[in-house]
Structures are given as C-alpha cells and as structure tokens.
Amino acid sequence: MVLAQNAVTGAMARVLPRRLSERDPLVRPSEHADFQSNVALSLAKATGQPPQELARALQQELAGGAVSSTLSGPGFLNLSVDDAQLWRQVGARLADDRLGVGEPLAGTRTVIDYSGPNIAKEMHVGHLRTTVIGDCLVRVLSFLGGDVVRQNHLGDWGTQFGMLIQYIDEHPEARWRGADPGEQVSVLDGLYRAARQVFDADPAFVERARLRVVALQSGDGATLAVWRELVAASTAAFQQLYDRLGVLLTPEDSAGESTYNPVLAEVVRELADAGIAVDSDGALCVFFDDVTGPDGEPAPLIVRKKDGGYGYAATDLATLRHRIRELEADRILYVVDARQALHFRMVFATARRAGWLTDGVEAVHVPFGTVMGPGGTPFKTRSGGTVRLSELLDAAVEGAREAIADKPHDLDGEALERVVRAAGIGAVKYADLATSRAKNYVFDIAQMVALQGNTGVYLQYAHARVRTILGKAPQEALDTPVDTSLALHPAERALVLALDGFDATLREVAAELEPHRLCGYLFSLAKALTDFYGACPVLKADSAGVRANRLALCRLTARTLARGLDLLGLQAPDRM
Ligand code: ARG
C-alpha cells in the first residue's frame with residue numbers, strides 16, 4: 001500500500017496547493033484494482049473543482065509511473081501497481097526483519113492490565129479471555145514500537161483472606177501445603193469454599209474472621225506469614241498456567257491489590273478534601289448524575305465503607321493514579337470482563353474529576369464477552385461449578401491429538417507431543433481471539449481443532465506446509481535474488497497484495513484493540529497462499545527464474561504467517 005500511497009501523494013504535491021497536498025491520500029485495498037483512492041472526492045470542495053476533474057488531473061500526473069490508474073464513479077481513482085514494483089517490494093521485505101511493518105507507537109507507553117486472577121482460587125474459564133486478549137495486545141503494541149508495561153492486578157487483598165487464614169488456623173488437619181503448586185491451590189480453593197460456608201452459618205466465626213482481618217491489616221507477623229504463603233503458592237500455580245498457555249506474564253508483572261494498600265487512606269483523603277467523595281450514611285461515596293441503580297436512586301462508587309474498610313473501587317483509584325504518576329503511562333488498557341463496565345466508567349470519571357486523568361492520558365476499558373458452554377449459557381461443569389482452566393486446556397490438547405492423528409504425518413515421540421500441545425493450546429487461544437471481543441462465543445473443542453476453516457490449527461498447517469516446500473528447494477534457488485522483470489501471475493499478485501496488508505492490519509488491531517482482525521488477515525493470507533499453489537507450480541516452475549521468484553514469495557509468506565501467529569501468541573511449528 002505504501003507504493004500506491006507514495007504515488008498518489010506525489011501526484012497530489014504537483015496538483016494541489018501545499019495546505020491540501022499533505023493530506024492523507026486515502027488509499028485502500030480494492031476489489032476493482034489493487035487499490036482505490038477517493039481523495040479527489042474528499043478534497044474537491046476545498047479546491048473548488050468538480051471531483052472528476054481533480055481525479056483526472058491526478059490521473060495525468062500518475063501516468064507513466066509505477067502506479068497506473070483508471071477513473072470510475074463520481075471521482076474514484078482505481079490504482080494498479082506495476083509488476084516490477086511489486087516484485088521489488090517482495091525482495092525488500094525479505095531483507096527486512098519487520099516485514100514492512102512500521103513503528104507508529106514508538107515513544108508511547110501503554111500499561112496493559114490483564115489476567116488478574118484471585119489468590120487462593122483456581123484460574124477458571126473466566127480468566128481465559130482477559131489473559132489471551134491481553135497477551136495479544138501486549139505483543140502487537142510492542143511490535144509496533146510501543147513501550148508496554150504488563151500489570152497483573154492479582155486479587156490478593158481483602159476481608160476474604162482474614163476468613164480463609166482463620167479457617168486454616170482452626171483446621172490444622174486441612175493440609176494444603178504440598179509439592180505441586182497447582183495441587184496446593186486446588187486444595188485452597190476447597191478450603192475457601194468450606195470457610196465461606198462456616199462464615200455464612202456461624203456468627204462466632206464471623207467475629208473471629210473479622211479479628212483476623214484486623215490482624216492482617218495491622219501487619220501481625222503470624223497472619224502475614226500465612227498470607228505470604230498463600231500468595232506464593234498461588235503465584236506459582238498461575239505461572240505454571242501462563243507458561244503452559246505461552247503468555248508473556250511473569251511474576252515480575254504482578255502488582256496485586258495489596259500493593260496499593262499503603263496509599264489507600266491518602267488517595268481517599270485526597271478525594272474527600274477535594275469534595276469529590278462525600279459522606280453518605282457513614283460511607284464515603286462519589287456520585288454521578290448519569291448513574292442510577294435499578295430503583296432509580298443514585299448508585300455511587302463507594303471509596304470507603306461504613307466500617308472504615310477500603311475495597312475494590314478505592315484500590316482501582318489508587319492503581320490508576322499510580323499508573324499515571326509513577327508509571328507515566330500515555331494509555332492504560334483494562335482488559336476486563338464487560339460486566340465491570342460501570343465500575344471502570346465510575347473509576348475513570350472520578351480520576352478525571354480529581355485531575356489525575358487529564359487529556360494527555362487515555363484510560364480505556366477493553367471489555368469482552370462471555371465464554372459459553374454447549375447449551376449457549378455461561379460455561380459451567382455438569383454440577384454447575386466453574387470450569388478449571390487447566391482441565392479445559394487438557395481437553396483441547398486431547399482434541400488436537402485426535403484431529404492430528406487423522407492426518408498423515410511423519411512425526412513421532414516428543415516431536416509429535418510438542419506439535420499436539422502447540423496445536424491444542426493454540427486452538428483455544430485462536431478461537432478466543434478470532435471472535436470479535438464484545439461477542440460471547442461457545443467453547444467447542446471439535447470446532448477449535450478443525451483442520452479446515454478459520455482455526456489456529458489450519459494456520460499452523462498452512463505455515464508448516466510452506467516450510468516443507470522451502471525445505472525441499474535447492475539452496476541456489478533460495479539464494480537467487482528476485483527477478484523484477486517477470487510478469488506477475490494473477491494468483492501471485494493476489495498473494496503479494498495480501499502480504500502487503502500486514503502493516504495496515506496491525507495498525508487496525510492497535511487502534512481498535514481487536515485481535516480478531518489479525519486472525520481474519522492471516523486466514524485470508526493462508527487462502528491466498530492456497531490459491532497460489534493451485535495456480536502456480538513452485539518447485540516445478542517452468543524456469544529457474546520463475547521458481548526463484550515463487551520461492552521468494554513462499555519465504556515471505558512463511559515469515560509473515562509465523563510472525564502473525566507469534567503476535568497472536570501461537571506457536572508455528574516447522575513440521576506438522
Ligand atoms: N481480580 C479481578 C476479578 O477477578 C480482575 C482485576 C481487573 N483489574 C482491575 N484493575 N480491576 O474480577
């Protein structure tokens with residue numbers, strides 16, 4: 001697209017006055033030609049010319065150059081790039097690590113808040129989307145040159161830990177300390193539930209749990225020691241899952257709720273002093289004109305509860321202030337369930353009133369829909385419990401094993417095992433990313449691991465297949481530079497143009513925070529590759545020159561697919 005953009009920009013410079021010639025040339029991919037520009041329509045008014053006349057003037061300027069044009073409709077320019085230019089671009093991109101992708105986010109800092117599981121509880125299906133979408137955004141924004149700070153806002157603080165620690169203390173027979181972190185957290189999850197039952201039934205336990213909360217908050221050594229053990233075991237278990245999922249999160253990215261505990265009082269005081277938080281029945285609240293509860297009464301953000309305790313809202317306010325002041329973020333993304341939309345709206349509005357969130361900083365809730373079970377209702381186990389993330393991944397890996405076993409392959413042992421894992425885990429991540437964020441989707445393993453259709457496995461196969469072809473090519477053919485004098489076959493042209501769209505696609509993903517655009521792009525790239533194989537023999541091409549050019553196209557496609565899969569957080573095995 002750069003080629004066509006530059007050509008139109010050049011023509012604009014010769015036809016238009018300076019104040020207009022530096023505008024966006026409005027070049028887009030097109031069905032009627034390689035590209036289309038409607039810049040004549042958009043600028044005609046400002047020049048006082050009819051659009052068709054301006055379009056004709058631009059066309060005359062383009063004539064004889066590398067980009068030819070025809071006119072259509074009320075003033076569209078249909079643009080076709082000449083073959084030599086397109087081949088030259090293929091050659092140039094093969095010599096460039098970045099595959100033609102720019103760094104538009106250089107010099108910006110984005111904080112991405114994602115995953116955020118709760119200590120002493122197992123990660124469940126509800127944590128899948130935030131973890132997978134957040135990881136993809138981290139990768140894409142970093143690749144586009146952005147400075148990205150990962151923040152895992154663990155639920156590691158609050159009255160529930162008083163309850164759990166008290167219960168553990170009263171039940172020495174409940175052995176949760178074991179070798180495997182996953183096992184430990186699974187036991188803790190059960191203890192948590194048991195503690196909750198006693199809490200709901202026994203007022204005397206409620207009182208003992210309350211005292212334990214006070215002990216935790218005032219830094220009682222023995223209580224804190226148990227809390228630290230809980231955090232350490234859970235963090236280790238989460239890390240096992242992150243590693244298995246292949247997401248970039250590490251323990252260093254953890255900045256849980258407890259991190260902000262020391263500043264909550266001060267943050268809330270600042271809001272109260274400024275008159276932003278006001279007393280309401282003994283609680284400190286922030287009110288909003290446009291936020292009311294089901295009864296029509298104002299529904300405030302509670303920053304300090306009646307009993308003096310601080311909760312999720314106060315913590316998020318302190319967190320936001322920290323990210324603006326200390327982390328110096330330009331943009332803060334919260335990849336959190338759509339059900340928390342109101343919470344974030346109120347937190348951001350409060351921070352704006354407090355003057356923390358100013359025009360130079362953007363805070364964005366990046367919401368997503370729910371993972372549904374086969375019945376089209378939120379995914380639950382048969383007994384109605386939450387579905388453990390680890391079990392879900394096990395099931396997907398088994399599904400991939402069956403799907404791949406059906407296909408002839410020459411892999412065995414550990415190599416096969418690695419591919420099965422890459423396909424199974426990749427299938428889950430891809431299915432999640434390929435759905436537009438706001439939509440719910442049904443968790444359907446058979447569909448996720450299908451070898452055909454818009455799936456991760458299909459793309460991994462497309463990549464492995466082109467790698468296999470490249471593996472069979474003689475070295476001298478791979479070393480031959482691209483011959484720019486050869487005519488492009490229509491299927492070659494379609495593939496070159498598909499490759500050309502990588503940069504624009506990544507920019508769209510970053511602007512809209514929609515990973516599914518990258519999935520759709522890679523899927524259409526893989527289809528263009530299949531069409532190309534069907535029409536253009538590669539290893540058996542008619543001449544050495546044609547073969548070398550086609551191999552260059554294969555190499556560039558393989559690298560673009562591998563890079564694209566990597567940006568989604570999927571592996572791209574060389575053989576499958
Ligand atoms: N722990 C929270 C939950 O499970 C998610 C945290 C999201 N991030 C935030 N800054 N509130 O719902």
Side-chain angles (χ1 to χ4, degrees), residues 110-135 137-138 148-161 164 185 188-189 192-193 196 227 230-231 234-235 237-239 241-242 247 249 251 253-261 263-264 267 286 301-303 310-327 329 331-351 356-357 361-371 378-379 385-389 437 513:
T110 307
V111 165
I112 307 190
D113 178 323
Y114 66 114
S115 199
N118 300 320
I119 296 299
K121 288 195 189 167
E122 287 181 283
M123 280 179 79
H124 55 80
V125 61
H127 296 107
L128 180 67
R129 300 210 75 188
T130 170
T131 306
V132 168
I133 296 170
D135 184 63
L137 295 177
V138 168
V148 176
V149 182
R150 304 186 292 259
Q151 293 281 282
N152 193 353
H153 195 77
L154 298 170
D156 64 355
W157 201 244
T159 52
Q160 69 273 29
F161 293 103
L164 178 59
V185 174
L188 283 174
D189 199 304
Y192 189 96
R193 263 181 269 231
R196 167 70 57 194
W227 175 78
L230 298 175
V231 173
S234 307
T235 307
F238 299 155
Q239 194 59 45
L241 263 172
Y242 294 150
V247 297
L249 284 168
D253 303 321
S254 293
E257 296 176 15
S258 65
T259 318
Y260 307 97
N261 184 52
V263 297
L264 295 180
V267 164
V286 183
L301 186 70
I302 303 173
V303 296
Y310 303 105
Y312 192 57
T315 305
D316 255 323
L317 285 164
T319 306
L320 180 53
R321 198 184 72 164
H322 172 78
R323 290 172 180 172
I324 297 167
R325 290 198 187 159
E326 264 72 49
L327 300 182
R331 205 174 177 208
I332 307 158
L333 308 181
Y334 292 80
V335 187
V336 184
D337 196 305
R339 284 170 292 196
Q340 295 193 33
L342 182 59
H343 165 75
F344 285 111
R345 185 148 72 85
M346 298 199 286
V347 166
F348 299 163
T350 303
W356 307 332
L357 192 56
V361 189
E362 213 187 340
V364 189
H365 176 210
V366 184
F368 50 80
T370 307
V371 181
F379 202 7
T386 51
V387 183
R388 288 195 188 112
L389 192 48
R437 250 196 304 109
L513 307 170

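Basis for what follows: all heavy atoms, side chains included, without hydrogens, waters or symmetry-related copies. Every number for a ligand or one of its atoms is a count from 1 in the order of the listing.
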| query | With no hydrogens and no angle check, is any side-chain donor or acceptor of Q239 less than 3.5 Å from a backbone partner on L249? | reply | yes

| field | With F379 via ring-ring contact (aromatic ring centres under 6.0 Å, His included) - residues at least two apart | value | F443

| message | Looking at A329, is its backbone amide N or carbonyl O close enough to the side chain of R323 to form a donor-acceptor pair, meaning the two atoms are under 3.5 Å apart? | response | no

| request: Report yes or no: does D135 contribute a side-chain atom to a donor-acceptor pair with the main-chain N or O of V247 at less than 3.5 Å? | output: no

| query | Any side-chain donor paired with an acceptor under 3.5 Å for Y242 and D253? | reply | no

| field | Every residue of the protein that comes under 4.0 Å of ligand 1, judged on heavy atoms | value | D113, G116, N118, H153, Y312, D316, Y334, V336, Q340, F344

| query | Is the distance between the ring centroids of Y334 and F348 less than 6.0 Å? | reply | yes

